[in-house]
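First the structure, in the form of C-alpha cells, and then the observations on it.
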Amino acid sequence: ALAVERVELRSAVPGRPGNVQAEARERRYELAERHAGGGDYATAHTASDQAETVLYRLAVSPGRRALLGMAPRRGALVRPLLAVTREEVRDYCRARGLEWREDPANDDLRFARARVRRELLPALRELNPAAERAIAETAALLRDEADVLDAAVRVALARAGEDALSLEELGRLPPALARLALRAAAEDAAGGPVPFARRDADRVLALGSSGTAAVELPGGLRAVAEYGRLRFAAAGGGGGPAPAPEPARLEVPGRVRFGDWEVEASVGGEGEALLDAAALAGEGLVVRGWRHGDRMRPVGLGGTKTLQDLFTDRKVPREQRASIPVVEADGEIAWVAGVALGERFRAGTGAVVSLSARRGPARGPNA
C-alpha cells in the first residue's frame, strides 16, 4: 500500500530560520515511524550516501563522531543498503526492469550535500574508483571500534568518581581517553550531545586542585572544579546547589530519611559518631540542612567555628553542602555527618548514643 502525506515545513517559509533539508528529513522519519505501527521501517541509504555523510560531517564538525556516519540501525529505523553503492542499486533495478525516482533536490547545488555529491566525490573517484566504498567501510570499522572506546570511557568515569570526578584521576588517563571521559560526563549532565573540542578538554583538565574554579563551555554548560573534584552544570543558573531537604525529627533509637541520606540513631557504640546520651537528653534530635551563620564547637578545636569554614577545611564541594545532614540537639549542633562532632556531645564513660548516615534507599518501615 502507498501512503502519501503532505506537510508544511516551517523552515521553508521565507524569513524563518532553519535547515529545510534537516527538517524535511526529520518529518519523513516521524511519518514513517507512525505508519510502521511499532515495527521497523527502512530507508534506501547506500554506501554512496554514507560516504557523502562522512565527508560533509568531517568538513563541518571535527571529531571522531563525524567519521561514524549513519548507523545501520537507529531504533526502528534500519538501513539495509549501506553495503552497496548507489550505482550498484541502479544496476540491480535496471537488470530487473524496476523503476525508481530521483529526488530533484539531490542536484540542487544550493545545498551543501548536493555539492559534496556532484563536485567532491567525483574528484575522489579520480583518485580511487572505489572511493565511496572505502569511506563507507572506514565508517563501519570505526563504528565497531567506538563500542570498545565507549566501554573504556565508562570504566574511566567509574574510577574517577560518581557524584563528582577526580581531576587527579582524569589526569592519569591517556589524553584521548580523558577527553572522551569529559565529553561523556558533560553529555550525561546535559542530557544529550554537546560540542566538546580538544581545547575545551584542555581547559577543564587545567583547573586547579585547590579552591574553586569554573570554565564556561559550549552548549550552555559550565565545568566547576572544587578542591580537585569536577562536575558539569547548566551555565547561568540551574547548576547551583539543590535546596536542603525538609528537617526531620530523629528518635533514639530510630532512623529517618533526609533527602538522599538515611540517618540512624542507636543505643550503643557501633555508629560513625559516638555521643554522650546524657548530653542528648531533652526535646530530642532534629536532622536538618546547613544554614548560613551556623556555628559549632568541634572536638579538639578549643573554640567555635562556622560550618562554612569547616566545609572549606574539609574540602566539601559547595553543591553538596546543603544536602549533608546536620544533627541538632535542643538547638545546638551535635554532629555534621562526615565533617565534625560537637565537643559537648563527645561520648564519655556513661551511656552512649551512636549516629550514622549513609546515602541510599530506605532500609525498612522505620526509615
Side-chain angles (χ1 to χ4, degrees), residues 22 50-74 112 116 134-240 315 317-320:
Q50 184 73 297
E52 294 163 7
T53 298
V54 170
L55 291 171
Y56 172 75
R57 290 180 181 174
L58 185 58
V60 300
S61 178
R64 179 174 59 94
R65 286 180 178 170
L67 296 173
L68 301 183
M70 296 178 287
R73 173 182 282 275
R74 190 186 72 183
V116 171
I135 296 170
E137 178 63 15
T138 297
L141 290 172
L142 291 176
R143 188 169 287 278
D144 283 344
E145 293 167 7
D147 293 337
V148 178
L149 279 174
D150 290 343
V153 165
R154 288 301 159 189
V155 171
L157 285 175
R159 289 176 178 170
E162 295 182 1
D163 296 331
L165 302 176
S166 165
L167 281 168
E168 181 180 0
E169 187 70 31
L170 290 171
R172 295 194 186 104
L173 299 174
L177 185 55
R179 187 165 57 247
L180 292 172
L182 286 172
R183 186 180 67 185
E187 293 183 343
D188 286 346
V194 296
F196 200 87
R198 179 171 54 184
R199 63 179 178 275
D200 297 321
D202 292 342
R203 291 164 61 211
V204 172
L205 291 173
L207 291 172
S209 59
S210 60
T212 300
V215 167
E216 302 295 331
L217 297 169
L221 280 181
R222 308 177 72 229
V224 182
E226 294 182 308
Y227 310 109
R229 307 296 295 185
L230 177 72
R231 63 185 175 88
F232 291 93
K315 298 184 177 180
R318 290 180 184 274
E319 84 281 359
Q320 296 180 14

Practice problem: Nearest 0.5 Å please: distance from the CG atom of Leu157 over to the CG atom of Leu173. | Solution: 9.0 Å
Quiz item: side chain to side chain contact (heavy atoms under 4.5 Å, CB included) with Val153: which of Val148, Leu182, Leu180?
Solution: Leu180
Quiz item: Got a second to check how far Leu67's CG is from Arg65's CZ, nearest 0.5 Å?
Solution: 12.5 Å
Quiz prompt | Presence of salt bridge, Asp202 and Arg199, under 4.0 angstrom | solution = no
Self-check item: Salt-bridge contact Arg229-Glu226 (side-chain N to carboxylate O under 4.0 Å)
Solution: no
Quiz item: Does a sphere of radius 6.0 Å around OH in Tyr227 hold more than 12 heavy atoms from other residues, nucleotides or ligands, not counting ones at 6.0 Å or beyond?
Solution: yes
Self-check item: From CA spacing to verdict: side chain to side chain contact (heavy atoms under 4.5 Å, CB included), Val204, Leu170
Solution: CA-CA 10 Å; Val204 172; Leu170 290 171; over 6 Å; no
Quiz item: Is there a side-chain contact between Arg154 and Asp150 (heavy atoms, below 4.5 Å)?
Solution: no
Exercise. Kindly say whether Val224 contributes a backbone atom to a donor-acceptor pair with the side chain of Arg231 at under 3.5 angstrom?
Key: no
Quiz item: Which atoms form the tightest heavy-atom contact between Arg222 and Ala214, and what is the distance?
Solution: NH2-CB, 3.3 Å
Quiz item: So how far is it from Leu58 CG to Thr53 OG1, rounded to the nearest 0.5 Å?
Solution: 12.0 Å
Exercise. Take atom CZ of Arg203 as the centre, draw a 6.0 Å sphere, and report whether it contains more than 12 heavy atoms from other residues, nucleotides or ligands.
Key: yes
Quiz prompt | Minimal non-hydrogen separation, Ala112 against Tyr56, with atom names | solution = CB-CE1, 3.6 Å
Practice problem: Decide yes or no for Leu217 and Val194: does some side-chain heavy atom of the first lie under 4.5 Å from some side-chain heavy atom of the second? | Solution: no
Quiz item: Short question: side chain of Arg64, backbone of Leu142 - any donor-acceptor pair under 3.5 Å?
Solution: no
Quiz item: Looking only at heavy atoms, what is the nearest atom pair of Pro195 and Asp200, with distance?
Solution: O-OD2, 4.2 Å
Quiz prompt | Gap separating the CG atom of Leu55 from the CD1 atom of Ile135, nearest 0.5 angstrom | solution = 4.0 Å
Quiz item: For Leu221 and Phe196, what are the C-alpha separation, side-chain angles and deciding distance, and is it a side chain to side chain contact (heavy atoms under 4.5 Å, CB included)?
Solution: CA-CA 10 Å; Leu221 280 181; Phe196 200 87; over 6 Å; no
Self-check item: Arg73 atom CZ, neighbour heavy-atom count above 12 within 6.0 Å
Solution: yes
Exercise. Would you sort out whether Arg179 and Arg183 count as a side chain to side chain contact (heavy atoms under 4.5 Å, CB included), showing the intermediate values?
Key: CA-CA 6 Å; Arg179 187 165 57 247; Arg183 186 180 67 185; over 6 Å; no
Quiz item: Could you state the interatomic distance from CG (Leu177) to CZ (Arg172), rounded to the nearest 0.5 Å?
Solution: 13.5 Å
Quiz prompt | Where Glu169 and Ala160 come nearest, the two heavy atoms and their spacing | solution = CG-CA, 3.8 Å
